[in-house]
Protein chains: 2
Amino acid sequence: MSTHAPPPKKLRKPRSSGAITLQEVAKLAGVSPITVSRALNRPEMVKPQKLEAIQAAIRRTGYVPNLLAGGLASKKSRLVAAMVPIISNSMFAEVIEKFTDRLDTAGYKVMLGLSGFRAENEDGLIAAVLSRQPDAIFLTGVNHSRTTRSRLLAARIPVVETWDYTPTPIDMLVGFSHEKVGRTVAEYLHDKGYRRFGMISTEDERANIRKSAFLATLAERDITDVRIATITSPGNFKKGRAGIIEILDAGELPEVVFCSSDVLAHSVLTEAQTRGMSVPADLAVIGFGDLEFAPYTFPALSTVHIDRSAIGLRAAEMVLARIEEREIEKIVDIGFSVIGRGST
Amino acid sequence: MSTHAPPPKKLRKPRSSGAITLQEVAKLAGVSPITVSRALNRPEMVKPQKLEAIQAAIRRTGYVPNLLAGGLASKKSRLVAAMVPIISNSMFAEVIEKFTDRLDTAGYKVMLGLSGFRAENEDGLIAAVLSRQPDAIFLTGVNHSRTTRSRLLAARIPVVETWDYTPTPIDMLVGFSHEKVGRTVAEYLHDKGYRRFGMISTEDERANIRKSAFLATLAERDITDVRIATITSPGNFKKGRAGIIEILDAGELPEVVFCSSDVLAHSVLTEAQTRGMSVPADLAVIGFGDLEFAPYTFPALSTVHIDRSAIGLRAAEMVLARIEEREIEKIVDIGFSVIGRGST
DNA sequence: TTGAAAGCGGTACCAC
DNA sequence: GTGGTACCGCTTTCAA
């Protein structure tokens with residue numbers, strides 16, 4: 001009989017984190033790990049009796065499942081990525097809030113990506129985000145680099161583009177046409193009889209689309225001398241104030257000013273007030289976004305209403321529908337409406 | 001010779017997702033997987049030559065690492081959770097934005113948890129969030145349930161409580177004292193000579209602390225008949241308007257009104273304007289938060305300035321310091337300042 | 001500097 | 001219904 005000692009067991013240090021695992025719960029409940037897994041994910045597949053024993057064990061241990069492990073095994077991270085330029089002082093906060101709320105009720109968590117207003121930032125951000133294996137992704141805008149597009153496609157997950165419009169989204173879309181906004185506002189104001197226009201515009205991609213459409217539409221009606229002040233994104237009160245001052249000081253006052261956002265429109269109203277100009281009689285103002293304060297602070301501020309809650313909610317519904325493999329409309333134009341206040 | 005067939009190889013369906021893996025990159029580069037891993041995480045440990053071959057392979061394949069797998073193995077998710085009540089129309093958006101920005105540059109992504117203003121929501125949210133194995137967690141406020149506290153402790157991760165103050169945080173804290181805000185505002189106004197006070201307050205936990213301290217301080221100075229309008233969180237223009245109307249219509253006008261937020265203060269100013277009251281001569285107003293629009297729209301709006309960027313940034317720095325095991329101040333009172341405008 | 005092997009904590013697959 | 005087993009894709013451990 002051989003007296004060879006058994007090969008020395010390699011005693012590696014265990015790598016466990018020390019946290020309660022599903023295995024331990026299983027042992028405690030006297031079932032196999034997979035049964036615990038089922039008790040958690042599809043309780044209806046487990047006999048009520050065992051279910052109770054398992055739940056008791058879970059409560060007793062304070063077990064918290066490890067979704068990284070679960071996600072690795074099942075390929076479902078239960079994370080959804082959301083990319084927006086900014087959230088402070090912006091309309092995106094509300095969109096994200098609704099999006100997050102809705103996904104939360106379905107057990108998903110939102111991973112936030114802030115890209116700023118410069119397109120270059122998006123690529124790296126997308127890669128970083130995709131490496132967390134999100135189950136879906138929410139994007140702001142419809143113009144994305146080749147790299148981003150191909151990575152997104154490779155990830156084979158639902159993608160919702162928002163806050164803009166294209167008939168050919170990467171996957172799904174809920175938004176509105178900025179081109180149409182610019183055109184509509186121009187027509188609206190021109191039809192009201194305004195002939196001398198001013199504009200304060202940020203220079204991000206979508207504001208530029210609104211601007212071009214606004215100018216083009218006016219040009220069709222033979223108005224080509226629009227006074228334009230351009231400012232950097234994100235717009236704020238200070239920049240807006242500088243913009244309107246630039247316009248007003250240049251002489252030949254416009255009758256109406258179209259602003260890239262309600263915040264900018266507000267600056268205009270403030271400046272007008274300072275100068276003793278009456279709004280809209282001496283100077284009419286129209287903004288964009290319909291921020292909450294708008295109708296309260298300056299009742300004479302007209303604006304373009306965007307239903308931000310609807311965008312967030314709808315985007316969440318689209319994502320969920322796709323994850324649950326339900327049928328769904330893939331392209332939704334949520335529209336907008338021009339709100340005339342103070343008879344602008 | 002036996003003709004037994006070899007034991008049938010179990011042909012299980014492979015579970016791979018089909019995405020490029022580190023293994024494949026390794027094969028392509030002619031090295032072992034672990035070397036690729038090192039090339040990614042500690043490139044200085046890999047010979048430059050191999051490094052290049054590996055990077056080439058990565059580029060060629062468009063490989064995106066799977067951080068779920070990496071996180072499971074290393075116990076580092078590179079995810080940080082942030083819990084705030086809301087982000088839209090609120091001061092928290094800016095805090096979160098700065099927090100996210102800073103962590104982003106360090107390779108972390110923020111997972112957003114919106115708890116609303118009701119404490120009950122927090123427990124479930126915390127559990128859901130912890131199951132994603134965040135490397136750290138950002139909390140709003142300092143009052144958390146037993147369950148939440150013990151779960152947080154069990155998770156053994158850095159915890160930063162914010163937007164409030166306590167000498168005994170769960171782990172770390174960056175914030176300010178709402179009690180002190182209430183007291184300071186009361187003293188400030190009283191010292192200015194005001195004797196008849198009004199108050200519009202939301203009923204969330206921290207607003208209540210400010211209110212109590214405000215009232216207690218006034219009581220010490222023999223002022224006990226403060227007109228109070230209470231509204232539900234989150235406050236908005238409409239609710240604020242209703243609040244001030246309630247106060248003004250009740251007779252015996254206050255000389256000054258302290259509001260839970262700048263948004264509410266704005267409603268007051270709007271209503272005052274409507275009634276032809278001059279601010280601050282007929283009615284002075286002081287808000288809380290120092291929102292961007294405040295000094296622009298109504299130059300007469302005094303407020304309490306909270307440096308939200310600093311809170312977000314500082315919280316991020318604390319988290320990073322702890323993750324990188326650097327020494328750091330664990331409790332930071334960021335303070336606040338009363339800003340008197342329009343001679344309030 | 002590099003690699004082989006084991007393991008992280010779950011779930012898919014298949015058999016019973 | 002339930003359980004055994006392999007495996008998800010990466011990193012740690014340990015040895016070379």
Side-chain angles (χ1 to χ4, degrees), chain A residues 7-27 29-54 58 61 63-78 130-133 135, chain B residues 7-27 29-54 58 61 63-78 130-133 155:
Chain A
K9 267 217 171 72
K10 299 193 187 184
L11 268 194
R12 297 171 106 104
K13 217 193 277 180
R15 288 204 262 150
S16 160
S17 62
I20 314 289
T21 68
L22 180 143
Q23 316 272 342
E24 307 179 64
V25 173
K27 200 164 297 173
V31 298
S32 79
I34 185 66
T35 304
V36 176
S37 172
R38 289 192 187 112
L40 254 27
N41 301 316
R42 293 111 139 289
E44 72 281 5
M45 285 185 62
V46 176
K47 203 183 278 179
Q49 203 192 82
K50 296 206 171 186
L51 195 60
E52 241 171 84
I54 292 170
I58 290 177
T61 53
Y63 168 67
V64 175
N66 182 333
L67 257 48
L68 285 192
L72 175 59
S74 67
K75 276 135 198 34
K76 280 171 209 139
S77 65
R78 294 195 143 294
L130 287 181
S131 65
R132 269 88 178 182
Q133 317 293 120
D135 289 343
Chain B
K9 269 218 171 74
K10 299 193 187 185
L11 269 194
R12 297 171 105 106
K13 217 192 277 177
R15 286 205 263 149
S16 159
S17 63
I20 314 289
T21 69
L22 181 141
Q23 316 272 342
E24 306 179 63
V25 173
K27 200 164 298 172
V31 298
S32 77
I34 183 61
T35 304
V36 177
S37 171
R38 289 194 186 108
L40 253 27
N41 302 316
R42 290 109 139 293
E44 73 281 4
M45 283 184 63
V46 176
K47 203 181 279 179
Q49 202 193 82
K50 297 205 172 188
L51 195 60
E52 241 171 82
I54 292 170
I58 290 178
T61 54
Y63 168 67
V64 176
N66 181 335
L67 285 177
L68 284 191
L72 176 59
S74 67
K75 270 129 199 41
K76 279 171 211 140
S77 65
R78 295 195 144 297
L130 287 181
S131 64
R132 269 87 179 183
Q133 316 293 118

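Basis for what follows: all heavy atoms, side chains included, without hydrogens, waters or symmetry-related copies. All chains are named by letter (A, B, ...) in the order of the sequence lines, taking the proteins before the strands, and each is independently numbered beginning at 1.
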Only distances under 3.5 Å count here; give the side-chain donor-acceptor pairs of residues 42-50 of chain B to other protein atoms, sequence neighbours excluded, each with its distance to 0.1 Å.
none

Table please: side-chain donor-acceptor pairs of residues 18-25 of chain B below 3.5 Å, with sequence neighbours left out.
from  : atom 1 : to    : atom 2 : distance (Å)
B:T21 : OG1    : B:Q23 : N      : 3.3
B:T21 : OG1    : B:E24 : N      : 3.3
B:T21 : OG1    : B:E24 : OE2    : 3.4
B:E24 : OE2    : B:T21 : N      : 3.0

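Minimum atom distance to the side chain of A:S17 is reached by C:dG9, of the listed D:dG3, C:dG9, D:dG9. Out of D:dG3, C:dC8, C:dT11, the shortest distance to the side chain of A:A73 is found at C:dT11. With D:dC10, D:dT2, C:dG9 as the choices, the nucleotide that has an atom nearest any side-chain atom of B:A69 turns out to be D:dC10. The side chain of B:L72 lies closest to C:dC8, out of C:dC8, D:dC10, C:dG10.
Each of B:K47 and A:A19 was assigned the nucleotide of DNA chain C with the nearest heavy atom; the assignment lying further toward the 5' end belongs to B:K47.
Between B:L72 and A:A69, the shortest heavy-atom distance links the atoms CD1-CB, 3.6 Å.
Spacing between atom CG of B:L67 and atom P of D:dC10 amounts to 9 Å, rounded to whole angstrom units. Remark: P of D:dT11 and NZ of B:K76 are 10 Å apart, rounded to the nearest angstrom. Atom pair B:Q23:CD and D:dC8:C1' shows a separation of 11 Å (rounding to whole Å applied). Atom CG of A:L22 is separated from atom P of D:dT2 by 15 Å (rounded to the nearest Å). Here the P atom of nucleotide C:dT2 and the CZ atom of B:R42 are 14 Å apart, to the nearest Å. The interatomic distance linking A:I20 (CD1) with C:dC8 (P) rounds to 15 Å, in whole Å. Computed from coordinates, the B:I58 CD1 to D:dC10 P distance equals 10 Å when rounded to whole Å. One interatomic measurement links the two molecules: CD of B:Q133 to P of C:dG9, which rounds to 9 Å at whole-angstrom precision.
Contact check, B:Y63 against D:dC10: a side-chain N or O comes under 4.0 Å of OP1 or OP2. Within the 4.0 Å cut-off from OP1 or OP2 of D:dT2, at least one side-chain nitrogen or oxygen of A:K50 is found.
Using a 4.0 Å cut-off on heavy atoms, the residues of residues 32-41 of chain A that approach DNA chain C are A:I34, A:S37, A:R38, A:N41, listed by number.
Remark: the backbone N or O of A:R132 is not paired with any side-chain donor or acceptor of B:R78 at under 3.5 angstrom.
Residues satisfying the side chain to side chain donor-acceptor pair (under 3.5 Å) test with A:S32, not counting sequence neighbours, are A:T35. Qualifying side-chain contact (heavy atoms from CB on, under 4.5 Å) partners for B:A53, counting only residues two or more places apart in sequence or in other chains: none.
Counting only residues at least two apart or on different chains, no side-chain hydrogen bond (donor to acceptor under 3.5 Å, both in side chains) pair has a member in residues 64-75 of chain B.
Between the base of D:dC7 and the side chain of B:R15 there is a donor-acceptor pair shorter than 3.5 Å.
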